[in-house]
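Before any comments, here is the structure.
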Amino acid sequence: MTVAAQREHGAPQSALAELEALLAAGLIQHIDFAFASLVVELSAPCATVREVALAAALASAQVRAGHACLALSACAGADAAAALEESAAQPVGVRLPALERWRAALLESPAVASSGAAGQCPLFLDVENQLYLDRLRDDEVRVAAGLRALAAPMEHPGDDARALDVNVQAVVERLFGSDGAEYRQAAQAAAKHRLCVVTGGPGTGKTTLAARLIALLVGAALAKPERVALAAPTGKAAKRLQEAVGAQAEELAQAVPALADYRADASTIHSLLFRARRAPLQLDALILDEASMVDVTLMAQLLGALPEAARLIVLGDASQLASVQPGAVLGDLCAAGQTAGSPLEPTLVELTQSHRFDPRGGIGRLAAAIVQGDADGALGALRDAAAAETRLEPLGGARAFDELATRYAREFCAPRVRDVRELGAAAQPFPELRVLCAHRSGPFGAERFNGLVERHLRRSGAAGRGEEFYAGRPIIVTRNDAASGLANGDVGVVLRAGGKGRVWFPELGSAGSPFEIAPARLPEHESFFALTVHRAQGSEYDAVAFVPGPVDSRIATRELFYTAVTRARSQVIVHGSAEAVRQAVTRQAARATGLAQKLAQ
């Protein structure tokens with residue numbers, strides 16, 4: 001609905017005037033304006049609709065930024081642009097109300113609830129002055145209740161408890177006898193609780209531990225092999241989890257014979273939920289990997305589909321980026337687990353020893369410095385001439401970015417396109433060096449980089465000028481599609497034989513049964529030569545070239561930088577200025593949620 005239509009619809013003009021200014025400045029979007037207008041209509045009998053209108057618009061805008069709520073205490077009395085962490089082209093001059101006045105106005109409004117069940121009002125204000133869209137507050141409450149219930153110690157009658165403990169200890173000794181304290185702690189948590197949260201950086205052994213925990217549950221008769229499910233947010237992450245667990249099955253079967261016929265089979269969370277809608281899940285345990293990518297709404301749906309007696313083992317890296325959707329579930333889980341006396345405290349296990357990165361090597365030092373917020377340490381790791389695996393290459397303005405894209409197209413992409421055209425599926429389809437951008441759009445964005453690379457390929461003759469599906473074109477799917485079996489984030493490459501094109505997805509299918517699809521059957525997709533860091537989350541590459549973008553970028557945060565760096569196995573090149581690195585390391589992506597507090601109570 002347009003602004004004019006909102007006025008005609010009866011929303012008080014005085015309450016909308018400041019919203020129009022925020023909209024014109026690009027600080028809020030039309031959906032925020034429309035939602036605030038609805039709330040104003042519901043609040044019209046009140047004398048303080050201005051305060052309610054501003055709160056509604058900002059709460060809606062904050063959801064798009066990944067926050068579960070609007071923290072009134074943090075922004076009351078501030079300029080609206082500062083509260084939204086944005087900068088307007090022109091000063092707007094919209095000052096937010098003082099906290100006490102703001103809270104009183106919201107509690108007076110019929111559109112704001114402060115107690116009771118969900119569904120009564122579009123907004124909910126809690127005692128901590130956190131303003132929620134009602135559905136997100138409900139999701140957060142359900143997630144907190146579900147996880148707290150899972151974290152409660154399992155209760156058994158005296159003799160049964162003693163027998164179970166003896167059985168568990170015997171299996172623990174077989175599986176974890178020579179392992180460190182962290183693994184044994186996780187084994188105890190998984191046996192005594194229906195929730196076990198395992199966090200740690202790349203190479204700390206999260207999936208190795210997950211396979212051992214499956215063996216523990218099966219060996220102690222706490223789960224049947226066929227009733228243990230594996231899931232992850234993306235198809236790529238699910239495939240990696242399946243391969244990692246499956247690779248250990250034969251070895252673990254020697255200690256737990258019931259695993260002899262076990263075949264790891266992982267799915268995306270959305271696929272699991274689709275099955276749950278058709279019939280109740282028959283599960284004793286669920287292993288959830290890459291949990292940092294799971295938002296509060298998805299977690300609420302997953303917990304709702306989990307059988308009452310099932311266990312949940314959560315794996316993830318709390319230092320990584322949170323989901324693009326609202327909430328920071330894994331971060332909140334870990335924060336609650338680190339709170340003394342919290343019901344989640346005995347369920348949290350932190351793995352600290354990386355087997356992928358030498359802590360004295362370039363990538364190990366860089367990743368550790370980023371997590372610690374040590375900008376000097378990060379720059380030191382990038383500038384260390386003795387560390388061949390990390391380096392900093394200054395990048396000027398947009399022209400330098402253009403040159404980087406052209407060089408990448410010539411040195412890395414064109415040879416791959418030629419190889420695929422000549423060798424088909426026998427070729428290595430993607431470059432070993434992957435470009436990751438902090439930004440999706442703009443002068444330093446992945447979209448612009450992709451356009452520049454493809455333009456070079458067409459001008460150089462590596463790709464046909466008028467050919468959409470040219471051999472060697474890399475494809476990334478941008479929407480889940482049950483009909484084709486493809487999921488958002490799946491990557492493929494175009495092959496051509498006999499004048500016909502098909503798209504091969506190397507990470508799906510198997511060597512004997514490759515996953516291929518006709519171009520006409522593809523869901524929404526685009527070419528990719530560079531990815532945003534969000535898109536790359538859950539993936540691993542031999543080498544990574546990271547473009548943080550301008551110094552004042554609010555997108556390039558500590559969490560994003562760490563996620564980019566830890567996608568690499570052997571080399572990281574940062575294309576940016578020293579100041580851009582410094583700002584990214586010191587800028588944290590704090591999300592407004594109330595989940596950690598609800599979990600720790």
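Computed from a predicted structure; not experimentally measured.
- When every heavy atom of A231 is checked against every heavy atom of L272, the shortest pair comes out as CB-CD2, 4.3 Å.
- Between A580 and V551 the shortest heavy-atom distance is N-CG2, 3.9 Å.
- Across all non-hydrogen atoms, the minimal contact from T563 to R567 is O-NE, 2.8 Å.
- Side-chain atoms of L84 and I28, non-hydrogen and from C-beta on, do get closer than 4.5 Å to each other.
- Residues meeting the ring pair (Phe, Tyr, Trp, His ring centres under 6.0 Å) test with Y183, sequence neighbours left out: none.
- Between atom CG of residue L486 and atom CG of residue N480 there is a gap of 9.5 Å, rounded to the nearest 0.5 Å.
- Taking the six-membered ring for Trp and thresholds of 30 and 60 degrees, F469 and H525 have ring planes inclined between 30 and 60 degrees apart.
- In E250, the CD atom is not crowded: 12 or fewer heavy atoms of neighbouring residues, nucleotides or ligands sit closer than 6.0 Å.
- Of the charged side-chain nitrogens involved, at least one lies within less than 4.0 Å of a carboxylate oxygen, so that D32 and R64 count as a salt-bridged pair.
- Within 6.0 Å of CD on E432 lie no more than 12 heavy atoms contributed by other residues, nucleotides or ligands.
- Atom CG of L273 sits about 6.0 Å away from atom CG of L302, to the nearest 0.5 Å.
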Does the pair R365 and D384 meet the rule for a salt bridge (Lys or Arg N to Asp or Glu O under 4.0 Å), with working shown?
CA-CA 11 Å; R365 288 169 51 205; D384 186 356; 2.8 Å; yes

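- In this structure, K236 contributes its side chain and G538 its backbone to no donor-acceptor pair below 3.5 Å.
- R440 and T532 are not linked by any side-chain donor-acceptor pair at a separation below 3.5 angstrom, with hydrogens and angles left out of the test.
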Could you walk me through whether S292 and D317 pass the side-chain hydrogen bond (donor to acceptor under 3.5 Å, both in side chains) test, one step at a time?
CA-CA 6 Å; S292 63; D317 185 348; over 6 Å; no

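- Heavy-atom minimum distance, L382 versus V574: CD2-CG2, 3.7 Å.
- Here the shortest heavy-atom pairing between A186 and V349 reads CA-CG2, 3.5 Å.
- The structure places CZ of F412 at 14.5 Å from CZ of F529, a figure rounded to the nearest 0.5 Å.
- Between V417 and G472, the shortest heavy-atom contact is CG2-O, 3.7 Å.
- Of the charged side-chain nitrogens involved, at least one lies within less than 4.0 Å of a carboxylate oxygen, so that K239 and E243 count as a salt-bridged pair.
- In this pair, F505 and F515 present their aromatic rings perpendicular. The plane angle is above 60°, beyond the 30 to 60° band.
- Ion pairing of D542 with R434 is absent here, as no side-chain N (NZ or NE/NH1/NH2) approaches a carboxylate O to less than 4.0 Å.
- Annotation: the span from T207 atom OG1 to L213 atom CG amounts to 11.0 Å, rounded to 0.5 Å.
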Before giving the answer on ring pair (Phe, Tyr, Trp, His ring centres under 6.0 Å), spell out for F401 and F449 the whole-Å C-alpha distance, their side-chain angles and the decisive distance to 0.1 Å.
CA-CA 8 Å; F401 184 78; F449 191 96; 5.6 Å; yes

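- The CG atom of L321 sits 4.5 Å away from the CG atom of L560 when rounded to the nearest 0.5 Å.
- Classification of E559 and R591 as a salt-bridged pair fails, no side-chain N sitting under 4.0 Å from a carboxylate O.
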Give the C-alpha distance, both sets of side-chain angles, the deciding distance and a yes or no for side-chain contact (heavy atoms from CB on, under 4.5 Å) between L366 and V572.
CA-CA 9 Å; L366 176 58; V572 173; 4.3 Å; yes

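- For I31, the CD1 atom sits in a loose shell: 12 or fewer heavy atoms of surrounding residues, nucleotides or ligands are nearer than 6.0 Å.
- Legend: salt bridge (Lys or Arg N to Asp or Glu O under 4.0 Å) pairs involving residues 519-532, not counting sequence neighbours, sorted by first then second residue: R479-E524.
- Between the side chains of E182 and T352, a donor-acceptor pair is found at a separation under 3.5 Å.
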